[in-house]
A.B. asks: 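Got a structure for you, questions after.
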Amino acid sequence: MANHGYIRRDGQNIGVLDVTKGLKKCYGLSSFLAFFLAAGGWTLLRRVGKLSLNEIGRHGRIEHDASLVHQDTPPDDTFAPIAIQPDLVDALLEDAEPSLVPPSPPPPPSSGETSNPEKKEPTPPGELKKVLVNEYDVAKARVRREKSSPTLDGVHAEIARGEMGIILGVFENQIGEKKGIPVDWLRTWIGEERLPKEFKPTKVQEFMDVKRRSKVISDAMVEIRKKEAGDGKQSTSKESTEGLIEKKPQSA
């Protein structure tokens, strides 16, 4: 919000009402949701009055490990890393399932060139808008990141889901039957920390909208973990069976 002037660009002397107004104007959040997020943030930071934005990065308050685009905070550090990790951004976007608009077919090989079905052609300009990131895609990303990070407590796990639940509603588009955030919009917002040029708030985001999306993400994470656990058991069972077959003595 500071990058676009919805709150002070220098990030200094920011109050609860400043953030509340900024969230409403920037993202179209309802008054209740905007104030809930702002006041809740100040409560987690254990602060009253005005503060600077860098205080939001104090580890273990609002900020948490298993960020989708930041590295985890080293054990002895007070503040979290602020640098966006391009590899984590790429991994997040790769978790998105293609929407129902089929991609353009690749051009036929030129004379003397053999076709390679495994070769991935670069995404043509504009094609990224045909891929949407929805709650299930976010759930996959959250499961992936939480595997390699310290365990989140219940509050920070909810914060992690809720922050994406908000933006899923704010940037929602629809292609075919799938609703979600256009991949190029998400890359701009989460990877470059700025709003997509085409974005303008078109509807008010309510508290219950965010709660519902967060629940969808949570339920999807449970299902993904169950599936992964089941696949792991099947793989272990198969390896054990193969080992027994190899060790079985031959009949005379």
Side-chain angles (χ1 to χ4, degrees), residues 19 23 33 36-47 51 53-97 133-171 180-181 186-187 189-191 193 207-237 239:
V19 172
L23 288 170
L33 176 57
F36 174 84
L37 294 174
W42 258 248
T43 300
L44 290 171
L45 291 170
R46 302 168 193 169
R47 287 295 306 272
L51 50 73
L53 286 183
N54 69 321
E55 293 185 57
I56 294 176
R58 190 178 290 273
H59 181 59
R61 303 291 176 86
I62 300 172
E63 187 279 334
H64 54 82
D65 286 323
S67 163
L68 296 181
V69 295
H70 296 105
Q71 291 181 342
D72 293 336
T73 303
D76 296 327
D77 286 10
T78 301
F79 291 90
I82 61 173
I84 302 292
Q85 298 298 306
D87 58 323
L88 291 180
V89 175
D90 290 341
L92 168 62
L93 302 182
E94 288 170 5
D95 282 322
E97 296 286 345
V133 177
N134 67 4
E135 290 90 343
Y136 185 79
D137 302 321
V138 170
K140 288 197 297 181
R142 288 244 46 89
V143 169
R144 172 176 51 76
R145 283 294 289 134
E146 290 180 22
K147 281 181 185 176
S148 59
S149 298
T151 303
L152 297 178
D153 59 40
V155 172
H156 289 94
E158 184 62 36
I159 290 174
R161 294 189 296 267
E163 58 196 12
M164 288 304 296
I166 292 170
I167 212 63
L168 281 164
V170 170
F171 289 159
I181 308 172
L186 186 57
R187 182 183 290 279
W189 181 73
I190 207 167
E193 297 185 306
F207 176 84
M208 293 306 296
D209 297 329
V210 177
K211 186 174 181 180
R212 176 185 60 78
R213 292 189 193 94
S214 178
K215 179 67 164 54
V216 173
I217 294 171
S218 178
D219 290 346
M221 291 175 68
V222 171
E223 291 303 315
I224 291 167
R225 285 171 173 147
K226 284 182 179 179
K227 183 178 184 302
E228 290 181 349
D231 290 345
K233 289 179 180 178
Q234 289 179 4
S235 176
T236 302
S237 175
E239 290 173 1

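Values below: every heavy atom of this structure, side chains too, minus hydrogens, waters and symmetry copies.
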A.B. asks: How far apart are the closest heavy atoms of V133 and V138, and which atoms are they?
C.D. replies: CG1-CG2, 4.0 Å
A.B. asks: Does the pair E146 and R225 meet the rule for a side-chain contact (heavy atoms from CB on, under 4.5 Å), with working shown?
C.D. replies: CA-CA 11 Å; E146 290 180 22; R225 285 171 173 147; 2.8 Å; yes
A.B. asks: Quick one: does L68's side chain get under 4.5 Å of R145's, heavy atoms only?
C.D. replies: yes
A.B. asks: Do any N or O atoms from the side chain of T43 and from the backbone of A39 form a donor-acceptor pair under 3.5 angstrom?
C.D. replies: yes
A.B. asks: Looking at every non-hydrogen atom in both residues, tell me the closest pair between F79 and T73 and how far apart they are.
C.D. replies: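 Of all heavy-atom pairs spanning F79 and T73, the closest is O-CG2, 3.7 Å.
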A.B. asks: Quick one: does D95's side chain have a donor or acceptor within less than 3.5 Å of a partner on D137's backbone?
C.D. replies: no
A.B. asks: If the test is side-chain contact (heavy atoms from CB on, under 4.5 Å), which one of L45, L44, V19 qualifies with I56?
C.D. replies: L45
A.B. asks: Any chance you could measure R61, atom CZ, to I159, atom CD1, to the nearest 0.5 Å?
C.D. replies: 12.0 Å
A.B. asks: State, to 0.1 Å, how close H70 and L88 come at their nearest heavy-atom pair, and which atoms those are.
C.D. replies: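 Nearest heavy atoms, H70 then L88: O-CD1, 3.6 Å.
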A.B. asks: With rounding to the nearest 0.5 angstrom, report the CG to CG distance, D87 to L92.
C.D. replies: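 The distance works out to 11.5 Å.
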A.B. asks: Nearest 0.5 Å, please: how far is CD1 in I166 from CZ in F207?
C.D. replies: 10.0 Å
A.B. asks: Salt bridge between R213 and D209, side-chain N to carboxylate O under 4.0 Å?
C.D. replies: no
A.B. asks: May I ask you to say whether E228 pairs ionically with K147, meaning some side-chain N is under 4.0 Å from a carboxylate O?
C.D. replies: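 So E228 pairs with K147 through a salt bridge.
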A.B. asks: Is it the case that the side chain of R142 and the backbone of A66 share a donor-acceptor pair, with hydrogens and angles ignored and the cut-off at 3.5 Å?
C.D. replies: yes
A.B. asks: What heavy-atom pair brings G162 and S214 nearest, and what distance separates the two atoms?
C.D. replies: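 Residues G162 and S214, closest heavy atoms: N-OG, 4.1 Å.
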A.B. asks: Quick check: closest heavy atoms across D72 and S67, and the distance to 0.1 Å?
C.D. replies: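 Minimum heavy-atom separation between D72 and S67: OD1-N, 4.4 Å.
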A.B. asks: Is the shortest side-chain heavy-atom distance between L168 and E135 below 4.5 Å?
C.D. replies: yes
A.B. asks: Heavy atoms only: give me the nearest I181-F171 pair and the separation to one decimal.
C.D. replies: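 Here I181 and F171 meet closest at CG2-CB, 3.7 Å.
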A.B. asks: Do S149 and D65 have side-chain atoms, one donor and one acceptor, less than 3.5 Å apart?
C.D. replies: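 Result is no, nothing qualifies.
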A.B. asks: Checking V222 against K226 for the side-chain contact (heavy atoms from CB on, under 4.5 Å) test, could you report, in this order, the C-alpha distance in whole Å, the side-chain angles of both residues, the deciding distance, and whether it holds?
C.D. replies: CA-CA 6 Å; V222 171; K226 284 182 179 179; 3.8 Å; yes
A.B. asks: Working to the nearest 0.5 Å, report the span between NE2 of H156 and CZ of R161.
C.D. replies: 12.5 Å
A.B. asks: Please evaluate residues H59 and D77 with respect to the criterion side-chain contact (heavy atoms from CB on, under 4.5 Å), reporting the C-alpha separation (whole Å), side-chain torsions for both, the decisive distance (0.1 Å), and the verdict.
C.D. replies: CA-CA 8 Å; H59 181 59; D77 286 10; over 6 Å; no
A.B. asks: Return the OG1 to CD distance between T78 and E55, rounded to the nearest 0.5 Å.
C.D. replies: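 The distance works out to 12.0 Å.
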A.B. asks: Hey, does H64 have a side-chain heavy atom less than 4.5 Å from the side chain of E163?
C.D. replies: yes
A.B. asks: If you round to the nearest 0.5 Å, how far is NZ of K215 from CE of M208?
C.D. replies: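 So the gap between those two atoms works out to 11.5 Å.
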